[in-house]
Engineer: 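Below is the structure I would like to discuss, written out as structure tokens.
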Amino acid sequence: MDAQLRQRIGMALTGAFAGLSFHVLHLVLEREWLAERPAMALAAFAVVFFTALLGMAGPLPLRRAALSAAGLALVVSGLLALASLRFHTAGAVFGSAIPVLAMLVLGFVPLPFLVAAQQSHWRDYPLLFLEAWTIVVRYAAAWLFVGVVWAVIFLSDLLLSMVGVTVIGALVGNPLVAMVITGAMLGLGIAVVDEMADVVSPYLVLRLLRLLLPAVLLVLLVFLAVLPFEGLGKLFGSLSAAATLLTIAAMGATLVTSAIDQSDAEASRSPVIRRAAQAMALLLPAPAVLAAWAVWLRVDQYGWTPDRMFAATVAGLGLGYGALYALAVLRGRGWEARVRQGNITMALALLLVSALLLTPLLDPQRLSAQSQLARLEDGRLSPDALDLAGLADWGRAGEAALAELEARAAQPGQEALAARLAARAATPLPATGDAETLRRDLAAVMPLRPETATVARDAILASLDAGELADWLTMCRTPLPEGGAGCVLLAGEFWPDTAGEEVILLLRDAGGYLRSEGFGWQQGLITRRSVTPLSGQMPDPAEAEAMLRAAQAGTAPPMKPAALNALHLGGAELILLP
């Protein structure tokens with residue numbers, strides 16, 4: 001048996017064992033054979049171990065890759081188990097995106113460093129660059145192969161079932177067999193891709209990415225040129241705008257990295273691409289600074305939450321990339337080498353921050369709870385604007401903050417805080433199945449405009465099931481940052497094609513975004529109506545809050561015609577949205 005065949009068999013068996021392990025882990029979790037926290041740690045270990053093993057096997061012998069993957073998986077699963085101690089149940093740690101993303105970063109980013117450390121030196125940038133992109137391409141190609149294999153299996157089963165042969169369907173219908181086949185084909189695909197490194201290489205991807213650099217640079221230049229005339233109102237204080245800016249910054253850094261490649265010898269020779277890379281590196285601080293400022297204004301206005309802490313962390317990393325890239329170009333000759341070393345620095349910073357987010361040193365729930373208490377203490381936050389729902393979701397730190405609020409409410413002069421806590425305790429969320437109680441409680445807390453439209457409101461609420469009522473009640477009871485209900489019900493003649501009064505409900509979801517529902521009557525039956533922004537994009541949290549406050553103000557919102565055109569074709573109309 002030659003070395004190539006041995007490698008293919010070894011990788012296929014490794015993938016098959018991974019599939020078997022994941023199936024067993026599913027049974028362990030489903031049937032509760034282990035306590036929740038050890039089971040979660042074991043699942044995290046398996047995910048990181050097999051992902052790292054399949055990613056490093058090829059550049060490293062299978063045994064050495066397994067040892068490196070086991071060490072990495074032990075560290076990551078340990079950190080995740082440590083982070084789960086913030087909550088009473090281990091699964092609650094996944095209530096926010098931070099632990100999942102931190103786990104992904106810690107599971108993937110170290111792989112090129114582990115390979116480089118055993119082949120040359122852990123700071124060998126050409127090797128780091130090549131291995132990082134190679135792992136991405138190998139996994140992408142191997143998963144494509146897995147998809148093709150399953151397409152062949154399904155088509156084969158469909159064909160044979162026409163003549164009464166159903167053995168394939170019976171086999172792949174077994175979850176264990178399906179997982180083993182998927183894992184084996186993934187391992188085999190990675191092995192074959194690794195053999196054909198000269199054909200399936202990252203260089204094709206890098207060459208294609210370089211072509212996008214001038215276009216993205218042009219978009220960024222237009223944005224920065226128009227921004228002073230349009231104003232900053234849509235940016236500052238909006239996490240959605242900050243996320244867009246940070247995504248552009250990350251894309252810009254990736255395109256610059258692809259243009260300068262692993263060394264000067266492989267870097268782009270095109271003057272257009274090189275100048276575009278320099279310009280992009282100089283401009284990277286701009287979207288990063290704007291994003292960081294947008295996040296900070298939101299934090300300064302409402303305080304920290306785990307989501308805002310995550311956004312601030314990403315913004316800080318964006319500022320680091322932007323500063324290093326811009327300084328590298330400003331220092332003149334040799335800027336490409338400085339950008340490459342900056343990439344190593346920021347990769348290590350990313351690993352450090354991701355690890356800290358899973359430790360008590362950078363606990364988003366604890367810091368967010370402390371922020372709420374501090375803002376209440378110094379008067380920047382009123383008792384009515386306290387994020388009590390958030391505190392209840394922030395694990396042990398949130399519970400400790402609620403206990404401190406209860407103790408503070410018992411002191412003289414804290415009547416407003418006591419009333420806020422008493423109102424929360426007096427109106428616990430009913431069980432999902434108690435639909436009648438949900439309707440009564442929702443009618444009590446939902447602002448109605450005009451206030452006389454109770455018949456329409458009650459009819460709409462009577463048509464809903466308990467699950468949707470509970471969802472609406474949760475959002476209505478979550479106050480706006482400066483106080484007030486998180487919903488409003490508007491009644492009026494909104495749709496000219498139907499007679500009588502219709503209803504529009506506006507709600508603010510857990511992320512601060514606006515949800516809208518429309519209801520009308522047709523032949524005596526309640527029907528859903530479409531309510532959506534003309535642009536197709538929902539308002540960001542700041543705009544959603546402003547819209548709710550305007551709707552709750554008590555005055556009837558004006559109805560204005562929308563600027564729309566339509567194509568009339570054969571008696572039908574095609575609406576042209578802006």
Engineer: Arg138 side chain to Val193 main-chain N or O, any donor-acceptor pair under 3.5 Å?
Structural biologist: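 Such a contact is absent between Arg138 side chain and Val193 backbone.
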Engineer: Would you find more than 12 non-hydrogen atoms of other residues, nucleotides or ligands less than 6.0 Å from Arg269 atom CZ?
Structural biologist: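 For Arg269, atom CZ is crowded (more than 12 foreign heavy atoms under 6.0 Å).
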Engineer: Give a yes-or-no answer on whether the side chains of Gln278 and Arg275 include a donor-acceptor pair shorter than 3.5 Å.
Structural biologist: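 Yes, side-chain donor-acceptor contact under 3.5 Å.
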Engineer: Is it the case that the side chain of Gln119 and the backbone of Pro59 share a donor-acceptor pair, with hydrogens and angles ignored and the cut-off at 3.5 Å?
Structural biologist: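 Flag set: sc Gln119 to bb Pro59 pair under 3.5 Å.
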Engineer: Test your reading of the model: is there a side-chain donor-acceptor pair from Ser77 to the backbone of Leu74, 3.5 Å cut-off?
Structural biologist: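 Yes; at least one donor-acceptor contact below 3.5 Å.
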Engineer: Can you name the nearest heavy-atom pair linking Ala277 to Trp335, along with the distance?
Structural biologist: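 Taking every non-hydrogen atom into account, CB-CH2, 3.9 Å.
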Engineer: Measure from the side-chain N and O atoms of Ser371 to the backbone N and O of Leu367, and report whether any donor-acceptor pair falls under 3.5 Å.
Structural biologist: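 No, the answer is negative, given that no donor and acceptor are paired below the 3.5 Å cut-off.
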Engineer: Do the side-chain N and O atoms of Tyr125 and Asn343 include a donor-acceptor pair separated by under 3.5 angstrom?
Structural biologist: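 Yes, side-chain donor-acceptor contact under 3.5 Å.
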Engineer: Going by atom types alone, do Thr305 and Trp394 pair a side-chain donor with an acceptor below 3.5 Å?
Structural biologist: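 No, no side-chain donor-acceptor pair sits under 3.5 Å.
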Engineer: If you measure from OG1 on Thr313 to CG on Leu101, what distance do you get to the nearest 0.5 Å?
Structural biologist: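 Those atoms lie 11.0 Å apart.
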Engineer: Determine whether a donor-acceptor pair (N or O, by modelled atom type, separation under 3.5 Å) exists between the side chain of Arg508 and the backbone of Met475.
Structural biologist: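 A pair under 3.5 Å: no.
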Engineer: Using a strict threshold of under 4.0 Å (side-chain N to carboxylate O), is an ion pair present between Asp261 and Arg207?
Structural biologist: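 Result for this pair is yes, salt bridge flagged.
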Engineer: Would you indicate whether Met346, at its atom CE, is surrounded by more than 12 heavy atoms from other residues, nucleotides or ligands within a distance under 6.0 Å?
Structural biologist: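 Yes.
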Engineer: May I ask you to check whether Tyr325 and Thr257 show a side-chain donor-acceptor distance below 3.5 Å?
Structural biologist: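 On atom types as modelled, these side chains qualify, holding a pair under 3.5 Å.
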Engineer: Going by side-chain contact (heavy atoms from CB on, under 4.5 Å), Leu62 matches just one of Arg6, Met11, Met56. Which one?
Structural biologist: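 Answer to the side-chain contact (heavy atoms from CB on, under 4.5 Å) test with Leu62 among Arg6, Met11, Met56: Met11.
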Engineer: So, for Tyr139 and Thr51, which heavy atoms are closest and what is the spacing to 0.1 Å?
Structural biologist: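 The answer is OH-O, 2.6 Å.
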Engineer: Using atom types as modelled and distance alone, determine if a side-chain donor or acceptor of Arg8 lies under 3.5 Å from a backbone N or O of Gly189.
Structural biologist: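 No; zero donor-acceptor contacts below 3.5 Å.
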Engineer: Looking only at heavy atoms, which two atoms of Gly322 and Pro285 are closest? And how far apart?
Structural biologist: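 What the structure gives for the nearest pair is O-CG, 3.3 Å.
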Engineer: Less than 4.0 Å between a side-chain N and a carboxylate O, is that true for Arg340 and Glu336?
Structural biologist: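 Salt bridge: no.
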Engineer: Write down the atom of Ala259, the atom of Leu213, and the distance for their closest heavy-atom approach.
Structural biologist: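 For Ala259 and Leu213, the tightest heavy-atom pair comes out as CB-CD2, 4.0 Å.
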Engineer: Which distance, rounded to the nearest 0.5 Å, do you find between the CG of Leu188 and the CD1 of Ile181?
Structural biologist: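 Going from CG on Leu188 over to CD1 on Ile181, the span is 13.0 Å.
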Engineer: With distance as the sole test, does Arg308 use its side chain to make a donor-acceptor pair with the main-chain N or O of Val295 at under 3.5 Å?
Structural biologist: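 Not a single qualifying donor-acceptor pair exists.
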Engineer: Looking only at atom types and distance, does a side-chain atom of Arg64 sit under 3.5 Å from a main-chain N or O of Gln118, one as donor and one as acceptor?
Structural biologist: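 Flag set: sc Arg64 to bb Gln118 pair under 3.5 Å.
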Engineer: For the backbone of Leu106 and the side chain of Ser354, can you confirm whether one donor and one acceptor N or O come within less than 3.5 Å of each other?
Structural biologist: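 Side chain of Ser354 to backbone of Leu106: no pair is present.
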Engineer: List the atom of Gly15, the atom of Leu54, and the distance in Å for their closest heavy-atom pair.
Structural biologist: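 Heavy atoms only, the tightest pair is N-CD2, 4.5 Å.
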Engineer: Give a yes or no on whether the backbone of Ala178 and the side-chain of Thr182 come within a donor-acceptor separation of less than 3.5 Å.
Structural biologist: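 At least one qualifying donor-acceptor pair exists.
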